[in-house]
Amino acid sequence: MGEKKRKSRAKAERKAKIKRNVKMRGFLILFMGCFVFLSFQIFRIQADYGDEFERRVVVQHAIHNGVDRFINPNRGTILDRNHDIRPLAISNTVYNVILDVRLLANSTEATQQATIEKLNRILGIPSEELWHAIAINPETNAPNIDRHYHVIYNMLDTRTKTLLEEENPRHVWFEEDTKRIYPNGSLGAPVIGFLRGDNSSWGLEAVFNRELTGERGRIVRMYNGENNVVTEHIRPIQGGTVITTLDLAIQQEAERIVTRWGEEARAQNAGIIVANPRTMEIIAMAQYPSFDLNDPFNIEAITSTALREEMRELSAEEQLERWFGIWRNFNITHTLEQGSVYKPLVVAAALEAGVINVHDTFFCGGSRTVAGTTIGCWSIATGGCGNLDVEGVLARSCNVGMMIIMERMGRDTYYDFQRAFGIGEITGIDLLGEASAAGLVYNRSTLGPVEMATTSIGQGFNVTPLQIAAYFSSIINGGNFMEPFIVSQIVDENNNVIFEHQPQVLRRPISREVSDWVRIAMVAAVEVTGTGTARGVAVDGFSIGGKTGTAQTGADRDGITLTFAGYFPAEDPEYIIISVIAEPENYIFGSSQTIPMTREMIESIISIRRMSPTQDTTGMVNNTNSDLIIVNDYIGRNIAEVSGELNRLGLDYELNSPGNIVRSQRPAAGSQVRLGTRIFFMLEDNGEEELTFIPNVIGMTRSQAEETLRNADLIPAFEYRNVNVNNLDSEDEEEQEFIVVSQPTGFEIRVAPRTQIRLILE
């Protein structure tokens, strides 16, 4: 019985073993089947997609190790209208120096020593810094900076790169980059703008950032079909070239003039706009104070002495806030009361509306009472301007006459013209930050009788200097209100035009007939022989029109803004100049600072553009010879020598800047002029001799003037007015009290010793 049980148990165990073996074989077969299937799939994937996967792995490895890199394109150039003069902004190719720290760390000590020594000597990188970078960290068993790509120097110039390449340091390579440069420093700074490290931008750099930026290139390491890693260089596309309407030479003169007069007046701000009134192309736009585009945080480069002193005393946070104000474009962001510059607009509107005609007369007794408020004329101290026609009201800038004209026009009619001339509205210029002044201008409901009266003389509301240029241009250009612009074209690197700005007429506030009359009428304000308020802006041989403006500003009306709008030639204006001096500490009554400021700008334009006189110049009354002569080339010569030659030739002359060497002249060399024509000179100091001031001798007798000039080491040259010089002998000269009535050469200007100074005696 026991044997039977044992055999039964053994049989059961054999069956169980066989069953287990069958299961194991099944699992083995299943495993082998899966293995074969997976192997087949892997083989198929490898065959079908292996190249792509391997390429991705290589690219990811390249990116991780810093080999796939973008190359910044050269930012587009900004040029003036003449193209061939120095660029306003340009980008140069520079290089970042890259060190492969891993490879250098694993090199021999001799290789490390040589590389570090070369980098230290040529780039000035401290040796200790480089040794620390490649030192093996015992905790990680890798260099302290464990990279194949480590930037050790930014913005390396091409010359230094060449020197370093000649030394051939191991495991060093170069990455191309670009650097923005402004060759003219502060020239046109708020207009051109600049780029900051925090990716913010100003001026044209901001407006046309997309066009200037271009497209980035790349250096890519990738896998090719022959199992090799190759480097592909995708060339960057350079940014477009922005061609502005600015004239570099005129812009330079505008910067010099606005800085000179801003400093002299110790003004909070000053500005000059030069434009073509027919098209509203901006030829120059300068301001005071300004800054250096290449170093916009440089306090010492600020053009205002007072502001530099103030900035030195401020904290860093306060300085930053002030910098934002300095970087803004005064001519388009600053609003101001313009004063009497506005009067021609009111006259033009009244003529266009038919409420006055050019023969109407107006009586000014010195003031006018409107709705219980008495408003004075500038002539109140002398009993008023008396009877004036419309031209006289403009020429003498009569407040009472303007208030009567405005009253005749009425609120609704005037308000329609205010809108048509764009008062308080942005002009649409292609610059950022233009102020509209919409909230600083009267609307139809707020124009009461007193507001109408003050508006007629340009007070009680604000505009920007650019808005003055825009509406004043429409008054003198035939009645077209033009859209101002400062960029004429953008071209790509192949010189294909990708953007072009054509002059745009936005509306026609007045007719050509009204425009022509007002344009010519404003010449009376400038004529030397008249009674106008702007006689000091006259230039011999050129017809010039214009209007002065003086306004009280601020809550207590204790601040002053001086403005002048001038244009020439008055027959068909090519240039309009808007000059502004805002809140001067050194204030001279009646816009007398913006008048010579504008005249200096006009004379500079005439000289730079070599413009011929548009009117005959008769010269001195005793000079009856009308023969024509050719003007010599005086540029580069000493003014002492030139003045003597001019006197011998019978030519008058005027000096418009200090110095001893002629920098520019007008009329230009080769021009045909009559005897007695005045030649205008801009001088510069070559530092080779001590200059002497020209004293003011107007009002002195001949003998007093002669003594004064000779004491200043200058030579007097006398001319007589209203005297027959043929009947004048030496005794007459001594016995008669001839007085110096005119000194054509500006006084308080420093010139070379022995320069001849022409004086007119009566």
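What you see below is based on every heavy atom in this structure, not just the backbone, and it leaves out hydrogens, waters and symmetry mates. What you see is a predicted model; the values in this text were computed from it and never measured.
- Without hydrogens or angle criteria, T594 side chain to L562 main chain gives no donor-acceptor distance under 3.5 Å.
- A salt bridge is absent between E318 and R322: the closest approach of a Lys/Arg side-chain nitrogen to an acidic carboxylate oxygen does not fall below 4.0 angstrom.
- Using a 4.5 Å cut-off on side-chain heavy atoms (C-beta onward), Y95 and Y153 make no contact.
- Put simply, the side chain of S290 never gets that close to the backbone of Q287: no donor and acceptor are under 3.5 Å apart.
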(request) Check the pair I602, F542 against side-chain contact (heavy atoms from CB on, under 4.5 Å), reporting the backbone distance first and the verdict last. (result) CA-CA 10 Å; I602 291 173; F542 289 86; over 6 Å; no

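- The distance from the CH2 atom of W378 to the CD1 atom of I457 is 13.5 Å, given to the nearest 0.5 Å.
- Judged by distance alone, the side chains of S315 and E317 never bring a donor and an acceptor atom under 3.5 Å apart.
- Checked by atom type, the side-chain pair Y575/R609 shows a donor-acceptor distance below 3.5 Å.
- Counting heavy atoms from C-beta outward, Q467 and F421 have side chains that stay 4.5 Å or more apart.
- Donor-acceptor pairing under 3.5 Å is lacking for the side chains of N184 and Q251.
- Rounded to the nearest 0.5 angstrom, F461 CZ and T454 OG1 are separated by 8.0 Å.
- A donor-acceptor contact closer than 3.5 angstrom links the side chains of E434 and T427.
- The side-chain hydrogen bond (donor to acceptor under 3.5 Å, both in side chains) test with Q489 is passed by exactly one of H83, E500, R81: E500.
- Here the shortest heavy-atom pairing between G428 and E483 reads O-OE2, 3.8 Å.
- Within the 4.5 Å cutoff, side-chain heavy atoms of I577 are placed close to those of F568.
- Side-chain contact annotation: T213 with R210, donor-acceptor N/O pair under 3.5 Å absent.
- No side-chain donor-acceptor contact under 3.5 Å links Y182 to the backbone of A189.
- At distances below 3.5 Å, at least one donor-acceptor pair connects side-chain atoms of W327 with backbone N or O atoms of P296.
- Summarising the geometry of S304 relative to P289, their closest heavy-atom pair is CB-CB, 3.6 Å, with the distance given to 0.1 Å.
- Judged purely by atom type and a 3.5 angstrom limit, R278 uses its side chain to pair as donor or acceptor with the backbone of P573.
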(request) Test side chain to side chain donor-acceptor pair (under 3.5 Å) on S579 and T598 and set out the steps. (result) CA-CA 6 Å; S579 301; T598 305; 2.9 Å; yes

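- Closest approach of T692 and A712 over heavy atoms only: OG1-O, 2.8 Å.
- In this structure, the separation between NZ on K343 and CD on Q338 is 11.5 Å, given to the nearest 0.5 Å.
- Note that the CD1 atom of I283 and the OG1 atom of T244 stand 11.0 Å from one another [nearest 0.5 Å].
- Side-chain contact between T548 and I595: present, with at least one pair of heavy atoms (C-beta onward) separated by less than 4.5 Å.
- At distances below 3.5 Å, not a single donor-acceptor pair connects side-chain atoms of R750 with backbone N or O atoms of I694.
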(request) List the steps and the verdict of side-chain contact (heavy atoms from CB on, under 4.5 Å) for L195 and R75. (result) CA-CA 11 Å; L195 306 173; R75 190 172 175 84; 3.6 Å; yes

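- Using a 3.5 Å distance cut-off with no hydrogens or angles, the side chains of Q268 and Y288 do not pair a donor with an acceptor.
- A side chain to side chain contact (heavy atoms under 4.5 Å, CB included) with N660 is found for exactly one of N686, L683, V751, namely N686.
- Across all non-hydrogen atoms, the minimal contact from A435 to T464 is O-CG2, 3.7 Å.
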(message) Walk me through whether S604 and E253 qualify under side chain to side chain donor-acceptor pair (under 3.5 Å).
(response) CA-CA 7 Å; S604 295; E253 285 298 289; 2.9 Å; yes

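- Between Y342 and Y471, the ring centre distance stays below 6.0 Å.
- For the pair F472 and I576, the minimum side-chain heavy-atom distance is below 4.5 Å.
- With a 4.5 Å cut-off on side-chain heavy atoms, V274 and M285 do not count as touching.
- At least one side-chain heavy atom of V487 sits less than 4.5 Å from a side-chain heavy atom of F208.
- For S488 (side chain) and I243 (main-chain N/O), a donor-acceptor pair under 3.5 Å exists by modelled atom type.
- Residues N74 and S91 have side chains that never bring a donor and an acceptor to within less than 3.5 angstrom of each other.
- Remark: E690 CD to D685 CG distance equals 10.5 Å, nearest 0.5 Å.
- Qualifying ring-ring contact (aromatic ring centres under 6.0 Å, His included) partners for F330, counting only residues two or more places apart in sequence or in other chains: H334.
- Take Y634 and apply the ring-ring contact (aromatic ring centres under 6.0 Å, His included) test, not counting sequence neighbours, and it matches F681.
- Judged purely by distance below 3.5 Å, without hydrogens or angles, the side chains of S397 and S340 pair a donor atom with an acceptor atom.
- Listed here is the closest heavy atom pair of S473 and M280: OG-SD, 3.3 Å.
- Between R180 and E205, at least one side-chain nitrogen of the basic residue sits less than 4.0 Å from a carboxylate oxygen of the acidic one, meeting the salt-bridge criterion.
- Of all the heavy atoms in D430 and F485, the pair that sits closest is OD1-CA, 3.5 Å.
- The side chain to side chain contact (heavy atoms under 4.5 Å, CB included) test with V258 is passed by exactly one of I272, T303, N269, V580: I272.
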(request) Apply side-chain contact (heavy atoms from CB on, under 4.5 Å) to the pair I608 and I605, showing each step before the final yes or no. (result) CA-CA 5 Å; I608 290 166; I605 294 170; 5.9 Å; no

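- In this structure, NZ in K179 is found 7.5 Å from CE in M155, a value given to the nearest 0.5 Å.
- Annotation: side chain of D713 is in contact with side chain of R754 (closest heavy-atom distance under 4.5 Å).
- Between E300 and R312 there is a salt bridge, since at least one side-chain N of the basic residue sits less than 4.0 Å from a carboxylate O of the acidic one.
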(request) Take V642 and N638, measure what side-chain contact (heavy atoms from CB on, under 4.5 Å) needs, and give me the verdict at the end. (result) CA-CA 6 Å; V642 169; N638 192 291; over 6 Å; no

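- Judged by distance alone, the side chain of E263 and the main-chain N or O of T305 form a donor-acceptor pair under 3.5 Å.
- Under the 3.5 Å distance criterion, the side-chain polar atoms of E281 are left unmatched by any main-chain donor or acceptor of P484.
- Using a distance-only test at 3.5 Å, with no hydrogens or angles considered, a donor-acceptor pair links the side chain of T755 to the main chain of A752.
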